[in-house]
Amino acid sequence: MHDPRVLLDSATEAVRKLARRGYELDLGQLDKLLTQRTSAIQRIDNARGEVKQVANQVQAKARAGEDVGELRERARALKTEIQQTEEQHRQFEADLQELLLGIPNLPDDRLPDGNSDEFAVEVRTWGDTPIFDFEVADHVDIGERLGIFDFPRATKLAGPRFAILKGPGAQLERAITAFLLQLHTQRHGYIEYSVPALVNRPTMTGTGQLPKFEEDLFKTGVDDRELFLIPTAEVPLTNLHAGETLPAEGLPLAYTAHTPCFRSEAGSYGRDTRGLIRLHQFSKVELVRIVDAQRSAEELEIMLSHAETCLQELGLAYRVVTLPAGDIGFSAQYTYDIEVWLPSQQRYREISSVSDCGSFQARRAGIRTKTKDGKRGFAATLNGSGLPIGRTLVAILEQCQQADGSVRMPGVLVPHLGFSRIKADGTTYAVRGGVWG
RNA sequence: GGAGGAUUCGCCUAGUGGCCUAUGGCGCACGAUUGGAAAUCGUGUUGGGUGUUAAAACCCUCGCGGGUUCAAAUCCCGCAUCCUCCGCCA
């Protein structure tokens with residue numbers, strides 16, 4: 001959410017920036033609603049002030065034994081006026097909120113133009129894309145050959161866009177998760193959290209999923225209690241400090257959590273229907289940083305490096321791109337995507353998105369900061385995937401596939417797995433006595 | 001699901017209709033004292049909004065939302081959260 005006065009003050013700038021992501025800002029409407037709201041507040045405040053004065057006069061006169069009938073009349077009239085103005089105020093406030101909550105964050109001017117990933121600009125590549133002297137298989141073929149996926153039964157249980165992992169596949173998912181959490185907590189300084197996967201409407205509003213993107217979410221509840229399934233741990237982690245004032249000297253806060261993520265994938269029918277790439281439910285290790293608003297750009301680089309380290313340690317070739325202004329998320333002002341190499345598709349595919357949301361979410365969620373000398377402000381929030389487990393598993397299967405049909409496990413996972421290879425017949429090559437093949 | 005209790009400023013706490021513009025303590029900040037510190041003394045210390053060049057001033061804020069009243073922390077109604085007990089339960 002934006003401060004409406006700042007938007008109005010920087011009118012043409014704000015309009016220009018929002019236009020880059022295809023949002024047309026109606027400054028006239030914003031100005032009108034703000035003026036109406038302010039005027040209503042002033043009338044209410046004045047009337048309340050007079051009520052107080054009248055009440056004091058009533059007391060004084062009553063003590064002196066004078067008649068207070070006229071004053072009572074006046075106070076009653078004021079009260080009616082207040083109630084009417086309050087009703088107007090509620091409407092203006094609601095309209096203003098609706099408008100403000102629907103305005104996306106302002107994209108950073110350094111971002112390239114464009115409204116799709118075609119316009120993403122490559123920042124760097126890492127690792128050699130593997131060269132195979134045999135015909136590569138995609139992750140679905142590999143996984144089914146190894147017997148570690150069961151898509152038909154997933155569909156039976158829940159329908160399309162769900163997956164079942166089995167045996168070494170399920171173990172691999174668990175090992176990737178454990179490795180990532182250990183990396184972030186032990187080497188990158190993140191505090192691990194275990195958080196609710198169902199959250200309420202204010203929480204979803206705080207990070208920007210609501211009110212505009214309700215159709216992207218799974219929604220549930222008990223009786224008349226409404227709950228949403230989180231699409232990412234960014235939601236609970238960022239909202240941990242919603243409505244709180246944080247001491248500035250305690251920043252940055254660095255949080256991580258492994259959670260299931262649920263997405264309706266409305267509007268993506270027919271896209272990535274195969275395999276683990278795009279599911280209604282997947283699990284992910286998420287990174288969140290809550291930082292001083294002035295430092296968000298530097299913090300973004302730090303967080304990006306943490307996400308990159310995951311892939312480097314796993315030995316997976318990837319590249320980093322800067323998303324164009326029209327393709328970043330609603331709450332973001334700057335976003336890097338990390339794309340991992342998928343041999344079967346002969347291209348890089350998104351595996352991590354690392355975003356600087358500036359104070360956009362902090363203002364929505366009410367995450368404030370206070371310095372020792374009493375200066376107040378809003379924090380900045382950042383989030384990044386570090387990493388989604390399913391897509392990481394896809395990349396491992398594809399990049400580490402062998403001519404004999406087996407898949408070699410990345411070395412960093414072996415201690416978590418207890419095996420170093422899934423053999424072509426789906427059995428594993430167990431690690432014994434610290435020697436593995 | 002049932003019964004009872006609680007919710008006041010960062011923490012603890014006083015407060016049964018107007019003098020609450022909320023008491024006192026702890027903590028914190030600044031100052032005095034000191035060679036320096038402790039102790040002591042003094043001053044300050046919820047947040048939000050309107051407003052202003054800045055201020056002043058005003059409004060809201062005693063869990064949340066309504067209501068009664070000229071006037072509500074205080075009375076009434078609803079709700080939320082927490083605690084205790086019973087029931088159910090991974």
Side-chain angles (χ1 to χ4, degrees), chain A residues 1-10 30-97 99-101 194-206 220-228 236 239-251 253 259-260 293 359 362-379:
Chain A
M1 190 162 63
H2 299 286
D3 179 341
R5 281 178 220 284
V6 172
L7 281 186
L8 288 172
D9 284 349
S10 63
L30 181 62
D31 187 50
K32 183 182 139 205
L33 287 171
L34 193 63
T35 307
Q36 285 177 328
R37 186 192 75 125
T38 303
S39 141
I41 288 174
Q42 286 170 350
R43 277 178 285 146
I44 291 167
D45 283 0
N46 289 338
R48 279 187 180 143
E50 197 181 334
V51 166
K52 279 189 170 180
Q53 286 177 18
V54 170
N56 287 335
Q57 287 167 21
V58 167
Q59 193 187 12
K61 284 206 173 190
R63 271 201 195 133
E66 294 176 42
D67 177 49
V68 296
E70 206 171 300
L71 288 172
R72 283 188 183 177
E73 284 304 310
R74 176 64 188 147
R76 285 205 194 100
L78 282 167
K79 195 184 172 183
T80 310
E81 185 190 323
I82 290 172
Q83 281 178 337
Q84 285 167 354
T85 316
E86 275 178 338
E87 204 163 305
Q88 290 174 22
H89 172 242
R90 265 193 291 275
Q91 189 57 51
F92 296 147
E93 191 73 54
D95 291 348
L96 181 63
Q97 281 299 309
L99 177 63
L100 285 174
L101 286 172
S194 172
V195 291
L198 274 67
V199 300
N200 56 25
R201 182 169 283 272
T203 301
M204 281 294 183
T205 306
T220 182
V222 179
D223 297 329
D224 56 354
R225 180 174 162 205
E226 177 185 60
L227 288 167
F228 297 90
N239 279 289
L240 280 174
H241 297 294
E244 296 181 13
T245 301
L246 304 167
E249 62 273 17
L251 301 179
L253 299 174
T259 67
S359 293
R363 185 172 272 110
R364 285 179 161 243
I367 307 169
R368 296 162 193 277
T369 59
K370 187 181 177 184
T371 61
K372 271 211 136 117
D373 51 350
K375 246 181 101 182
R376 299 184 151 271
F378 286 102

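Letters A, B, ... mirror the listed sequences (proteins, then strands); counts begin at 1.
Residue pairs meeting the side chain to side chain donor-acceptor pair (under 3.5 Å) criterion with at least one member in residues 61-73 of chain A, sequence neighbours excluded: A:Glu73-A:Arg76. For residues 45-56 of chain A, the set of pairs meeting the salt bridge (Lys or Arg N to Asp or Glu O under 4.0 Å) definition, not counting sequence neighbours, comprises A:Arg48-A:Glu86, A:Glu50-A:Arg74.
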With a 3.5 Å cut-off and sequence neighbours excluded, list the donor-acceptor pairs that the side chains of residues 241-248 of chain A form with protein atoms.
from, atom 1, to, atom 2, distance (Å)
A:His241, ND1, A:Glu244, OE1, 2.8
A:His241, NE2, A:Tyr255, OH, 2.6

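A search for side chain to side chain contact (heavy atoms under 4.5 Å, CB included) contacts involving A:Thr220 returns A:Leu198, A:Leu227, A:Leu229, not counting sequence neighbours. Residues meeting the ring-ring contact (aromatic ring centres under 6.0 Å, His included) test with A:His89, sequence neighbours left out: none. Looking at residues two or more places apart in sequence or on another chain, you find no salt bridge (Lys or Arg N to Asp or Glu O under 4.0 Å) involving A:Arg368. For the side chain to side chain contact (heavy atoms under 4.5 Å, CB included) test, residues two or more places apart in sequence or in another chain that qualify with A:Asn200 are A:Pro202, A:Thr203. Remark: A:Glu81 pairs with no residue by the salt bridge (Lys or Arg N to Asp or Glu O under 4.0 Å) rule, at least two apart or across chains. Residues satisfying the side chain to side chain contact (heavy atoms under 4.5 Å, CB included) criterion with A:Leu33, sequence neighbours excluded, are A:Gln29, A:Gln36, A:Asp95, A:Leu96, A:Leu99.
Projected onto RNA chain B by closest heavy-atom contact, A:Arg376 and A:Thr38 fall at different nucleotides, the more 5' of which corresponds to A:Arg376. Of the two residues near RNA chain B, A:Ala75 and A:Arg225, the one whose nearest nucleotide lies more 5' is A:Ala75.
Across the P atoms, B:U81 and B:A90 are found 23 Å apart, a figure rounded to whole Å. Taking atom C1' in both B:A72 and B:C62, one finds a spacing of 11 Å when rounded to whole Å. Rounded to the nearest Å, the gap between the P atom of B:C11 and that of B:G66 is 25 Å. Across the P atoms, B:G24 and B:U45 are found 12 Å apart, a figure rounded to whole Å. Comparing B:U74 with B:G18, their P atoms are spaced 11 Å from each other, to the whole Å. Here, B:A14 and B:G4 have their P atoms 24 Å apart, quoted to the whole Å.
Look at B:A29: its Watson-Crick or wobble partner, with both distances under 3.5 angstrom, is B:U43. Pairing for B:U81 is with B:A6, a Watson-Crick or G-U wobble pair whose two hydrogen-bonding atom distances lie under 3.5 Å. Nucleotide B:U23 forms a pair with no other nucleotide shown, judged by Watson-Crick or G-U wobble geometry with both contacts under 3.5 Å. Pair assignment for B:G36 gives none, since no Watson-Crick or G-U wobble pairing has each distance under 3.5 Å. Checking B:A72 for Watson-Crick or G-U wobble geometry (two distances, each under 3.5 Å) identifies no partner in any strand.
Non-hydrogen atoms lying under 4.0 Å from RNA chain B are contributed by A:Lys79, A:Gln83, A:Arg90, all within residues 79-94 of chain A. Near-neighbour residues of RNA chain B inside residues 54-71 of chain A, defined by a heavy atom below 4.0 Å, number-ordered: A:Ala55, A:Val58, A:Gln59.
If you check the side chains of A:Arg43 and A:Ser39, you find a donor sitting under 3.5 Å from an acceptor.
Nucleotides of RNA chain B with any atom under 4.0 Å from a heavy atom of chain A span, from 5' to 3', B:G18 to B:A71.
Side-chain contact between A:Glu226 and A:Phe228 is present, with at least one heavy-atom pair separated by less than 4.5 Å. For the pair A:Arg364/A:Leu101, a side-chain contact is recorded, criterion being any heavy-atom separation below 4.5 Å from C-beta on.
Heavy atoms of A:Arg37 sit under 4.0 angstrom from primed sugar atoms or phosphate atoms, though from no base atom. A:Arg368 comes within contact range of the sugar-phosphate backbone alone, with a heavy-atom separation under 4.0 Å but no base atom that close. Within 4.0 Å of A:Arg74, counting heavy atoms only, lies no atom of the nucleic acid at all.
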